[in-house]
Structure formats: C-alpha cells, structure tokens
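In what follows, a structure is listed as structure tokens, so that the remarks can point back to it.
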Amino acid sequence: LRMNYIIVSEKTADELVAEVNSILEDQGKEMQAMHLSRPGGKEKLVFRVDGTRNEHKQLMNRLRESPDLSNLETTAGMEID
C-alpha cells in the first residue's frame with residue numbers, strides 16, 4: 001500500500017526532513033517523492049512511503065508522537081504489486 005504523508009511544521013526544512021528520516025529509518029522505511037514548500041511561513045513536507053496497512057499505522061503513530069510532526073495528514077496513493 002502506498003501512502004502520501006503531508007506534514008506542516010514550524011521547524012526548518014532541514015530539521016523537518018532529518019526528524020522524519022530518523023523515524024522512517026527506525027521503521028525500516030524510506031521517503032519517496034519528497035516535496036518541500038513554504039506556505040504561510042511554515043514548512044510543508046509531502047512524501048510517499050510504501051508499506052502494509054499495519055506498517056503505515058505504526059509510522060503514523062510514531063510521527064504523531066513528535067510535537068513538531070503532529071500536524072500530519074495522509075492520503076492513499078496508488079496500489080502497488
């Protein structure tokens with residue numbers, strides 16, 4: 001299952017990417033198709049991760065545990081074989 005993650009944060013782009021990558025590494029996952037933008041003075045990070053439903057649930061819980069990453073949205077991506 002492919003999921004798109006969207007995080008809006010006060011952190012700098014470097015800090016945001018580093019924190020997300022650290023969590024992904026702990027989960028044995030990697031960020032794909034990363035895009036950074038800066039709407040309204042905040043950093044917006046959009047990225048994709050492949051995994052099972054359970055892996056995505058665990059990843060979302062880990063991301064939400066961080067106060068700087070708690071502004072999190074997900075959307076389902078295309079199914080993969």
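As the structure is a prediction and not an experimental result, all values here were calculated from the model.
At least one donor-acceptor pair under 3.5 Å links the side chain of Ser70 to the backbone N or O of Pro67.
For residues 14-45, the set of pairs meeting the ring-ring contact (aromatic ring centres under 6.0 Å, His included) definition, not counting sequence neighbours, is empty.
Val46 and Met34 fall into different hydrophobic clusters, where Ile, Leu, Val, Met, Phe, Trp and Tyr side chains are chained together by heavy-atom contacts under 4.5 Å. Connection of Ile6 to Met3 is not established within any shared hydrophobic cluster, with ILVMFWY side chains joined at heavy-atom distances below 4.5 Å, either directly or through further cluster members.
Only one option out of Val17, Leu36, Ile7 pairs with Phe47 in a side-chain contact (heavy atoms from CB on, under 4.5 Å); it is Ile7. Leu69 pairs with exactly one of Leu45, Val8, Ile23 by the side-chain contact (heavy atoms from CB on, under 4.5 Å) rule, that one being Ile23.
Note that CG of Leu16 and CG of Asn21 are 9.5 Å apart. Values are rounded to the nearest 0.5 Å. In this structure, the separation between CZ on Arg64 and CG on Asn71 is 10.0 Å, given to the nearest 0.5 Å. Expressed to the nearest 0.5 Å, how far CD of Glu19 lies from OG of Ser9 amounts to 7.5 Å. Taken to the nearest 0.5 Å, the CD atom of Glu55 stands 9.5 Å off from the CG atom of Leu59. Atom CD of Glu43 sits about 8.0 Å away from atom OG of Ser37, to the nearest 0.5 Å.
Taking all atoms of both residues into account, the shortest heavy-atom contact from Leu1 to His56 is O-NE2, 3.0 Å. The heavy-atom pair separating Leu24 from Glu30 by the smallest distance is CD1-C, 4.2 Å. Between Lys29 and Asp50, the closest heavy-atom pair is NZ-O, 3.3 Å.
Among residues two or more places apart in sequence or in another chain, the side chain to side chain donor-acceptor pair (under 3.5 Å) test is passed with Ser22 by none. In this view, Asp68 satisfies the side chain to side chain donor-acceptor pair (under 3.5 Å) rule with no residue, not counting sequence neighbours.
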Original post:
Checking side-chain contact (heavy atoms from CB on, under 4.5 Å) for the pair Arg2/Arg48: CA distance, chi angles, key distance, verdict?
Top reply: CA-CA 7 Å; Arg2 182 169 285 167; Arg48 186 175 66 224; 2.8 Å; yes

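Shown here is Glu25, whose CD atom has no more than 12 heavy atoms of other residues, nucleotides or ligands within 6.0 Å.
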